[in-house]
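Basis for what follows: all heavy atoms, side chains included, without hydrogens, waters or symmetry-related copies.
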Amino acid sequence: MIKVLIVDDQELFRESLKVVLSVSGSIQVSDAVSSVAEALKSAARDRPDVVLMDVRMPGMDGVEGARLFKERWSEVKVIVLTTFDDDEYVFGALKNGASGYLLKGSSISELSEAIQIAHGGGAMINPTVATKVIRQFSNMAKGSSRLQVNEEAARDVSKNEWQIIRTVGSGMSNKEIAQELCLSEGTVRNSISNILFKLGLRDRTQLAIWAVQTGAVDRLL
């Protein structure tokens, strides 16, 4: 039996998921809790094999939760199960050791399969999310093909904006950037949107690649 811990702040969703998964002959739901803090306490009492974790939750998000679980119990597999496929969450969760990233629209059979695969040491990613990952690595593989940014626009980037560009290029999440620069997450999010517009870049991934290509990651401010 694969012991599964469910972590989601929506009571109806987690209780429904608990009932559905418990029907499976190979999965046992050890607990269903509403926060990362509760999940860590539950795992300390009754070590799960796999954790199904939402990303947006009060107190601490699932990206940080994945890091803490892998830091404390490297053998525990974490699967992110969420409605959000934002680049920040996707790459943050995978960087922190998640073995899967599924959207809540996934079928029960897909979820059961992901649990089995993760428990066996593999990984399963929602097709929409996988496209983002493949695109990022494809872009990185083409490092010789530099992203083109208007030079005048680049010269117009402020010192504070360069700080944010540097941290994005270093792979930090909005939460980590906010802590690093003593800003609110909302301010960081808005600043990144403004920077993307100013430089004519499509998304956070392009900004991170451009930051590395131009040496902004190592820039002294």
Side-chain angles (χ1 to χ4, degrees), residues 7-10 34-40 53-71 78 80-98 101 103-104 126 128-129 131-133 135-137 139-140 146-221:
V7 191
D8 195 293
D9 64 323
Q10 296 181 348
S34 62
S35 68
V36 173
E38 289 180 274
L40 292 170
M53 189 177 309
D54 194 8
V55 282
R56 284 192 184 177
M57 293 182 288
M60 187 184 300
D61 65 30
V63 172
E64 179 66 7
R67 185 187 68 78
L68 290 175
F69 263 92
K70 299 304 292 185
E71 189 177 85
V78 178
V80 172
L81 181 61
T82 181
T83 55
F84 304 100
D85 66 348
D86 299 14
D87 285 6
E88 176 193 356
Y89 293 131
V90 173
F91 298 119
L94 296 179
K95 182 184 74 173
N96 286 347
Y101 199 107
L103 300 182
K104 286 184 177 178
N126 179 275
T128 302
V129 175
T131 300
K132 290 175 177 285
V133 176
R135 186 178 67 230
Q136 185 197 35
F137 283 102
N139 286 337
M140 291 176 68
R146 299 176 67 86
L147 287 170
Q148 298 301 312
V149 168
N150 183 281
E151 291 185 9
E152 185 175 340
R155 286 196 296 270
D156 193 39
V157 173
S158 69
K159 182 177 179 179
N160 290 339
E161 288 173 331
W162 275 118
Q163 288 183 314
I164 290 178
I165 292 170
R166 176 178 57 80
T167 52
V168 169
S170 298
M172 292 186 183
S173 66
N174 284 0
K175 184 175 183 179
E176 291 170 331
I177 295 172
Q179 293 173 341
E180 172 83 7
L181 302 180
C182 299
L183 301 171
S184 70
E185 287 188 58
T187 298
V188 172
R189 193 176 298 111
N190 291 336
S191 295
I192 291 174
S193 295
N194 291 336
I195 292 168
L196 291 175
F197 178 78
K198 180 182 289 187
L199 298 178
L201 296 174
R202 184 185 61 241
D203 53 29
R204 185 191 193 91
T205 302
Q206 281 198 341
L207 179 59
I209 293 171
W210 182 75
V212 173
Q213 288 181 337
T214 58
V217 173
D218 302 315
R219 185 185 179 99
L220 296 176
L221 299 171

Nearest-0.5 Å distance that lies between atom [atom1] in [X] and atom [atom2] in [Y]:
{"X": "Glu64", "Y": "Met53", "atom1": "CD", "atom2": "CE", "value": "10.5 Å"}
{"X": "Asp61", "Y": "Glu185", "atom1": "CG", "atom2": "CD", "value": "7.0 Å"}
{"X": "Ile165", "Y": "Trp210", "atom1": "CD1", "atom2": "CH2", "value": "5.0 Å"}
{"X": "Asn150", "Y": "Lys198", "atom1": "CG", "atom2": "NZ", "value": "12.0 Å"}
{"X": "Asn194", "Y": "Thr187", "atom1": "CG", "atom2": "OG1", "value": "10.5 Å"}
{"X": "Ile195", "Y": "Asn190", "atom1": "CD1", "atom2": "CG", "value": "11.0 Å"}

Next on the checklist: Before you tell me yes or no, could you show the steps for Lys175 and Val63 under side chain to side chain contact (heavy atoms under 4.5 Å, CB included), namely the whole-Å CA-CA distance, both residues' side-chain angles and the distance that decides it to 0.1 Å?
Outcome noted: CA-CA 10 Å; Lys175 184 175 183 179; Val63 172; over 6 Å; no

Checklist entry - Less than 4.0 Å between a side-chain N and a carboxylate O, is that true for Glu176 and Lys95? => result yes

Checklist entry - Can you check side chain to side chain contact (heavy atoms under 4.5 Å, CB included) on Glu161 and Asp156, steps first, answer last? => result CA-CA 10 Å; Glu161 288 173 331; Asp156 193 39; over 6 Å; no

Checklist entry - Tell me, do Val7 and Met57 make a side-chain contact under 4.5 Å, heavy atoms counted? => result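 When only atoms from C-beta onward are counted, Met57 and Val7 do touch, with a gap below 4.5 Å.
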
Checklist entry - Any side-chain heavy atom of Asp54 within less than 4.5 Å of one from Gln10? => result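 The answer is no; the side chains never approach within 4.5 Å.
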
Could you tell me which non-hydrogen atom of [X] sits nearest to which non-hydrogen atom of [Y], and how far apart they are?
{"X": "Arg56", "Y": "Asp9", "result": "O-OD1, 3.7 Å"}
{"X": "Tyr101", "Y": "Val90", "result": "CE1-CA, 3.5 Å"}
{"X": "Leu103", "Y": "Leu81", "result": "O-CD1, 3.8 Å"}
{"X": "Val80", "Y": "Thr82", "result": "CG1-CG2, 3.8 Å"}
{"X": "Val157", "Y": "Leu199", "result": "CG2-CD2, 3.9 Å"}
{"X": "Ala154", "Y": "Val149", "result": "CB-CG1, 4.4 Å"}

Item to check | CA sep, side-chain torsions, deciding dist, call: Val188, Leu181, side chain to side chain contact (heavy atoms under 4.5 Å, CB included) | outcome: CA-CA 9 Å; Val188 172; Leu181 302 180; 5.9 Å; no

Item to check | Leu183/Gln163 under side chain to side chain contact (heavy atoms under 4.5 Å, CB included): CA gap, chis, key distance, verdict | outcome: CA-CA 12 Å; Leu183 301 171; Gln163 288 183 314; over 6 Å; no

Next on the checklist: I'd like to know if the side chain of Asn96 reaches the main chain of Ala66, judged simply by a donor and an acceptor atom lying under 3.5 Å from each other, with no hydrogens or angles considered.
Outcome noted: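 Here the side-chain-to-backbone pair does not exist.
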
